Amino acid sequence: QVQLVESGGGSVQSGGSTRLSCATSGNSYRGYCWGWFRQSPEKEREEVAVIDSVYMAIYADSVKGRFTISQDKDKNILYLQMNNLKPEDTAMYYCAAAANCYQTGYDALKAFLFGYWGPGTQVTVSP
């Protein structure tokens, strides 16, 4: 069983930066993919970024060049550095884990692969 808890959300002005953290426990990193997803009231859940089965970072086009996903395996923390934020980035952000994950590249950027989810943290970007 994998437990995930996000932190670091809040209110940010457009053009600003913030970093989300996700504390993970109850797992081995071997065989997992890790990801960040988001959802706002007016949109369906959206993929943001994942670390695939060969430890490559994959990004949605909407965040490419602005967001960076990373992992500290010693501390069991998944990060999402978010730069040049835009009002359309406003959403609830969720970290997630996919066990027995062998997908690579954009094949790993699929929410249905992920069976473990955190409760989410809100990010609000003001104009």
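Just so we're clear, the structure is a prediction, and the values are computed from it rather than from any experiment.
Sorted by first and then second residue, the side-chain hydrogen bond (donor to acceptor under 3.5 Å, both in side chains) pairs with a member in residues 98-119 read Lys64-Tyr106; sequence neighbours excluded. Residue pairs satisfying the disulfide bond (SG atoms under 2.5 Å apart) criterion with at least one member in residues 68-99, sequence neighbours excluded, are listed as follows: Cys22-Cys95. Within the structure, the ring pair (Phe, Tyr, Trp, His ring centres under 6.0 Å) test picks out no pair touching residues 75-97 (sequence neighbours left out).
The main-chain N or O of Arg66 is never found under 3.5 Å from a side-chain atom of Asn84 such that the two would form a donor-acceptor pair. Formation of a donor-acceptor pair under 3.5 Å by the Thr121 side chain with backbone atoms of Gly9 is found in this model. Between the side chain of Gln81 and the backbone N or O of Arg19 there is no donor-acceptor pair closer than 3.5 Å.
A distance of 8.0 Å separates CD in Gln122 from OG in Ser11, rounded to the nearest 0.5 Å. For the atom pair Lys73 NZ and Trp34 CH2, the distance stands at 10.0 Å (nearest 0.5 Å). From Thr124, atom OG1 reaches atom CD of Gln13 across 13.0 Å, with rounding to the nearest 0.5 Å. Atoms OG and CD1, from Ser25 and Ile77 in turn, are 11.5 Å apart once rounded to the nearest 0.5 Å. Atoms CG and OG, on Leu85 and Ser14 in that order, are 8.0 Å from each other to the nearest 0.5 Å.
Side-chain contact between Val123 and Thr90: absent, with no pair of heavy atoms (C-beta onward) separated by less than 4.5 Å. Inter-residue side-chain proximity for Thr68 and Leu80 is flagged as unmet; no heavy-atom pair is nearer than 4.5 Å. Side chains of Asp89 and Arg38 form a contact here, defined as non-hydrogen atoms less than 4.5 Å apart. Proximity of Glu88 to Ser62: side-chain heavy atoms (C-beta onward) are nowhere separated by under 4.5 Å. Residues Leu20 and Met82 meet the side-chain proximity criterion, which asks for heavy atoms closer than 4.5 Å. Inter-residue side-chain proximity for Phe67 and Val48 is flagged as met; some heavy-atom pair is nearer than 4.5 Å. Under the 4.5 Å side-chain criterion, counting only non-hydrogen atoms from C-beta, Met56 is not in contact with Ile51. Annotation: side chain of Trp36 is not in contact with side chain of Val50 (no heavy-atom distance under 4.5 Å).
The two atoms that bring Gly120 and Glu6 nearest to each other are N-OE1, 2.8 Å, heavy atoms only. When every heavy atom of Pro87 is checked against every heavy atom of Pro127, the shortest pair comes out as CG-CA, 4.1 Å. The two atoms that bring Ser17 and Asn83 nearest to each other are OG-OD1, 3.0 Å, heavy atoms only. Of all heavy-atom pairs spanning Ala96 and Leu4, the tightest one is CA-CD1, 3.7 Å. Nearest heavy atoms, Ala49 versus Tyr59: CB-CD2, 3.6 Å. Closest approach of Val5 to Pro119, counting heavy atoms only: CA-CD, 4.3 Å.
Both Ile58 and Leu113 belong to a common hydrophobic cluster when Ile, Leu, Val, Met, Phe, Trp and Tyr are linked at side-chain heavy-atom distances under 4.5 angstrom. Hydrophobic cluster membership is shared by Ile69 and Tyr32, with clusters built from Ile, Leu, Val, Met, Phe, Trp and Tyr side chains linked at under 4.5 angstrom.
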Pair Thr24-Asn76, side chain to side chain donor-acceptor pair (under 3.5 Å): steps then yes or no: CA-CA 5 Å; Thr24 72; Asn76 290 338; 4.6 Å; no
